[in-house]
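Following: one structure in structure tokens, then a few remarks.
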There are 4 protein chains.
Amino acid sequence: MKTQKQQACRRSKRAHEAILAATLELIEQRGYLGLSIEGIAACAGVGKQTIYRWWPTKAALVIEAYSQKSTDYLQSPDTGSVKNDLEVLLTAIFTRISAPPSSHVITGLVAESQNNPELAAQFHRVFLKGRRELVIELIEKGITRGEVNPEIDMEIAADSLFGPMWYRLLIRHTPLDQNFAKQLVRQTLAGMSASSEEK
Amino acid sequence: MKTQKQQACRRSKRAHEAILAATLELIEQRGYLGLSIEGIAACAGVGKQTIYRWWPTKAALVIEAYSQKSTDYLQSPDTGSVKNDLEVLLTAIFTRISAPPSSHVITGLVAESQNNPELAAQFHRVFLKGRRELVIELIEKGITRGEVNPEIDMEIAADSLFGPMWYRLLIRHTPLDQNFAKQLVRQTLAGMSASSEEK
Amino acid sequence: MKTQKQQACRRSKRAHEAILAATLELIEQRGYLGLSIEGIAACAGVGKQTIYRWWPTKAALVIEAYSQKSTDYLQSPDTGSVKNDLEVLLTAIFTRISAPPSSHVITGLVAESQNNPELAAQFHRVFLKGRRELVIELIEKGITRGEVNPEIDMEIAADSLFGPMWYRLLIRHTPLDQNFAKQLVRQTLAGMSASSEEK
Amino acid sequence: MKTQKQQACRRSKRAHEAILAATLELIEQRGYLGLSIEGIAACAGVGKQTIYRWWPTKAALVIEAYSQKSTDYLQSPDTGSVKNDLEVLLTAIFTRISAPPSSHVITGLVAESQNNPELAAQFHRVFLKGRRELVIELIEKGITRGEVNPEIDMEIAADSLFGPMWYRLLIRHTPLDQNFAKQLVRQTLAGMSASSEEK
DNA sequence: TGATAAACGAGACGGTACGTCCCGTCTTGGA
DNA sequence: TCCAAGACGGGACGTACCGTCTCGTTTATCA
């Protein structure tokens with residue numbers, strides 16, 4: 001019962017790690033578009049086939065290489081108020097994600113995701129899901145505390161916080177400074193209408 | 001003195017148009033990534049050189065081909081209330097932009113923009129600037145009408161309306177239906193805080 | 001003392017036969033050049049190593065596969081005259097050897113023999129030696145009978161009978177019909193000079 | 001009428017010559033089997049495509065490279081007797097063709113010809129036809145002189161002179177010395193029968 | 001009658017070369 | 001002079017096999 005299936009393949013640990021390392025190294029040197037399977041293989045001292053055997057796509061390889069680096073720093077803040085919680089979390093995320101070379105890598109992945117649903121799903125899993133869940137959790141805490149209107153649409157709430165980040169990152173190429181996170185949180189919470197009271 | 005520059009070249013109108021037409025045709029057949037200069041030249045019955053002579057980049061060519069199609073339908077609504085104005089405008093934009101094959105084309109352009117500032121600028125000029133200015137204009141009308149809080153940060157306001165659109169389009173691959181525009185506008189105006197009154 | 005070496009290995013009969021059978025099958029399907037160790041292994045349901053363990057070369061494997069088929073039909077005719085004996089023997093050989101797919105196989109082997117003396121020796125042993133000895137034997141019988149000039153060069157005699165066969169087979173791609181064997185024998189015996197009397 | 005077709009393509013003389021030169025150079029270094037398109041391209045400083053554009057096959061390329069070297073030395077001897085004429089001509093041919101690296105090259109070509117009729121035809125045109133016609137011409141002169149029996153089969157006659165050469169070259173790996181040409185001619189003319197008179 | 005060592009199937013591995021696609025530049029007539 | 005046509009040197013693609021190398025898993029003596 002225990003040996004059921006687990007050894008399906010004898011994957012070489014050495015090759016696996018060398019490939020991921022080479023990928024990270026080359027992507028920082030030449031950017032996502034300048035990355036080639038051929039180059040990774042050469043740099044890792046590996047046959048091309050060994051790459052094609054385990055990753056369907058350049059993009060999948062890049063995701064795996066990056067996902068190791070990027071999933072650890074996330075943690076739920078707990079300052080006592082939604083506003084502060086969100087400010088802390090978003091500031092951390094914005095800072096992290098907008099530091100090169102991440103931004104270039106992310107763009108390449110986004111581009112390839114358009115024509116590759118599997119990749120899109122994987123990207124979503126690695127780069128979005130966790131962060132989104134954290135944000136929603138914080139907002140729900142705010143609702144139980146009575147800070148947040150319980151009738152809001154949670155999807156739109158999350159989109160309103162992350163959308164502007166990606167927008168600035170990918171399209172407007174405008175800096176994601178700390179102030180931006182702060183102001184975005186405030187304005188999103190308070191709304192723009194004249195009738196709403198800020199504090 | 002007057003002809004100084006305008007006839008710098010004897011550009012073949014036939015070739016120019018054939019190239020743009022071929023670009024549109026092929027991009028709809030094979031997507032942005034499947035597009036090649038070689039293919040466009042063959043399809044347009046044109047030498048490759050003729051393309052390279054007039055466009056620096058595949059992307060520049062695509063932008064020109066698309067900009068002809070996409071700039072005309074925009075107009076400022078005037079319903080009397082910010083909320084309605086924004087709903088009408090955003091619904092129109094969202095519908096337009098999320099219809100294939102535009103979405104795929106746009107992704108490709110976004111991707112290439114990352115490494116190509118000129119292209120990014122051109123993309124901004126063609127696809128963003130006009131829309132953004134319209135939205136800002138509507139909000140300012142709202143301010144003068146007393147509907148919108150005059151102290152909001154206008155950049156963040158615009159980002160809050162467009163960011164979620166691009167986010168859903170490029171990353172979450174979630175539909176941009178009419179309802180989305182409507183709810184987004186409402187929630188952005190009203191804010192999420194418990195203290196704000198909806199109506 | 002007697003078992004010293006003979007059981008050096010426990011060779012799997014099943015694998016051995018499956019490999020030879022797969023070789024014959026694939027060579028008839030795809031020709032000598034289209035044959036790959038990988039393909040044979042897959043078709044025989046055998047690991048590649050098992051092939052490499054027992055045969056040094058694709059060619060050696062092919063020779064073994066073929067030698068089983070090709071050594072049995074030879075027998076010395078005895079009609080009473082050199083001319084008839086040779087006609088009968090060569091007709092049999094020519095017919096056998098020129099039937100596809102043998103001819104393609106043989107060509108491949110000839111090609112590889114050039115760079116592989118061991119293979120050349122093995123090829124010689126399997127495909128040439130026996131036939132050549134038979135022919136020489138027949139000619140020597142002719143000499144003792146007084147039919148053949150005892151001063152001829154026997155090497156050249158054998159070359160004169162087999163050379164044209166291989167030439168037509170490998171290079172001129174001209175049919176080796178029965179008539180050819182007959183006429184070749186006659187003209188070789190009689191010579192071409194005007195002074196020689198035929199019939 | 002004059003420009004009919006002659007300029008069908010603008011082939012680069014430089015590339016053409018560099019490729020043929022590289023082919024000759026590499027084939028002498030590494031043999032026919034060790035020759036690769038990739039290697040030729042690299043050595044000639046040429047894109048692979050440029051080779052594939054003009055030659056369908058490695059073999060075709062090799063033939064062209066060799067045909068330049070091998071067609072010039074042939075000339076019809078005229079000593080007054082068939083025997084001497086044939087001896088002179090065959091000695092020249094045998095010497096030429098058996099000098100390495102030609103022999104290896106030729107073998108490779110023969111092998112590939114088996115599966116490629118066009119190549120076989122080209123090989124025939126370049127390496128066989130001329131020589132064969134010369135021999136037949138010499139024999140016909142012999143017939144008019146009354147030296148050769150006019151009833152012989154000319155095809156078999158030619159096969160009897162060339163067959164043994166190719167046989168020794170490709171299969172028996174036996175030297176083609178001058179004596180061989182001489183004795184082959186004599187025995188082929190005189191025949192092997194006891195009734196024929198030599199001298 | 002096990003134990004034990006080999007041969008086995010499977011297939012991953014570092015490589016080489018394949019033949020194709022497209023890049024961006026260069027060259028050659030023809031209009 | 002600009003155009004279509006397309007050859008050119010080059011880089012990367014994804015595939016096919018090479019021959020070597022582990023992996024467990026039979027299997028067939030001989031201790």
Side-chain angles (χ1 to χ4, degrees), chain A residues 3 7-16 18-19 34-42 44-54 56-58, chain B residues 7 9-12 14-16 18 34-42 44-54 56-58, chain C residues 3 7-16 18-19 34-42 44-54 56-58, chain D residues 3 7-16 18-19 34-42 44-54 56-58:
Chain A
T3 53
Q7 64 78 241
C9 51
R10 273 78 43 115
R11 188 166 184 173
S12 154
K13 201 181 160 198
R14 194 196 69 74
H16 189 165
I19 289 166
L35 201 65
S36 71
I37 299 284
E38 205 128 301
I40 294 169
V46 141
K48 280 199 285 177
Q49 201 63 227
T50 302
I51 299 180
Y52 286 112
R53 202 171 356 249
W54 302 109
T57 297
K58 185 172 82 169
Chain B
Q7 65 75 246
C9 48
R10 275 85 56 93
R11 187 166 186 172
S12 152
R14 192 197 70 75
H16 189 168
L35 201 65
S36 72
I37 300 285
E38 206 127 307
I40 295 169
V46 141
K48 282 199 289 176
Q49 199 57 234
T50 305
I51 298 180
Y52 285 112
R53 213 183 334 262
W54 303 109
T57 297
K58 183 171 85 169
Chain C
T3 52
Q7 63 75 244
C9 48
R10 278 84 56 92
R11 187 165 186 174
S12 154
K13 200 179 162 198
R14 192 195 71 74
H16 189 168
I19 290 167
L35 200 65
S36 72
I37 299 285
E38 206 128 305
I40 294 170
V46 139
K48 282 198 289 175
Q49 200 57 234
T50 303
I51 298 180
Y52 285 113
R53 206 177 347 255
W54 303 110
T57 299
K58 185 172 83 168
Chain D
T3 52
Q7 64 75 244
C9 51
R10 274 76 47 111
R11 188 165 186 173
S12 154
K13 202 181 161 198
R14 192 195 71 73
H16 189 166
I19 290 167
L35 200 65
S36 72
I37 299 283
E38 205 128 301
I40 295 169
V46 142
K48 280 199 287 177
Q49 200 67 188
T50 303
I51 299 180
Y52 285 112
R53 202 171 357 248
W54 302 110
T57 298
K58 185 172 83 168

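Chain identifiers are assigned alphabetically (A, B, ...) following the order of the sequence lines, protein sequences preceding nucleic acid strands; residue numbering begins at 1 within each chain.
Here the P atom of nucleotide dG15(E) and the CD1 atom of I19(A) are 12 Å apart, to the nearest Å. Between the CD1 atom of I51(D) and the P atom of dC21(E) there is a distance of 17 Å, rounded to whole Å.
Minimum interatomic distance between I37(C) and I51(C) (heavy atoms only, all atoms of both residues): O-CD1, 4.0 Å. Summarising the geometry of I19(A) relative to V46(A), their closest heavy-atom pair is CD1-CG1, 4.0 Å, with the distance given to 0.1 Å. The two residues G47(D) and A41(D) have their closest heavy-atom pair at C-CB, 4.3 Å.
Contact check for H16(B) versus W54(B): no side-chain heavy atoms found under the 4.5 Å cut-off.
Residues meeting the side-chain contact (heavy atoms from CB on, under 4.5 Å) test with S36(D), sequence neighbours left out: E38(D). Every residue meeting the side-chain contact (heavy atoms from CB on, under 4.5 Å) condition with A18(B), not counting sequence neighbours, appears here in chain and number order: R14(B), A44(B).
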Could you run down the sub-3.5 Å N/O contacts of the protein with nucleotides 8-11 of chain F?
residue	atom	partner	partner atom	Å
dC8(F)	OP1	S12(D)	N	2.8
dC8(F)	OP2	R53(D)	NE	3.2
dC8(F)	OP2	W54(D)	NE1	2.7
dG9(F)	OP1	R14(D)	NH2	2.5
dG9(F)	OP2	T50(D)	OG1	3.0

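Among the nucleotides dC13(F), dC23(E), dG19(E), the one closest to the side chain of I37(D) is dG19(E).
Residue-to-nucleotide proximity on DNA chain E shows that, of K58(B) and Y52(D), the 5′-proximal contact is made by Y52(D).
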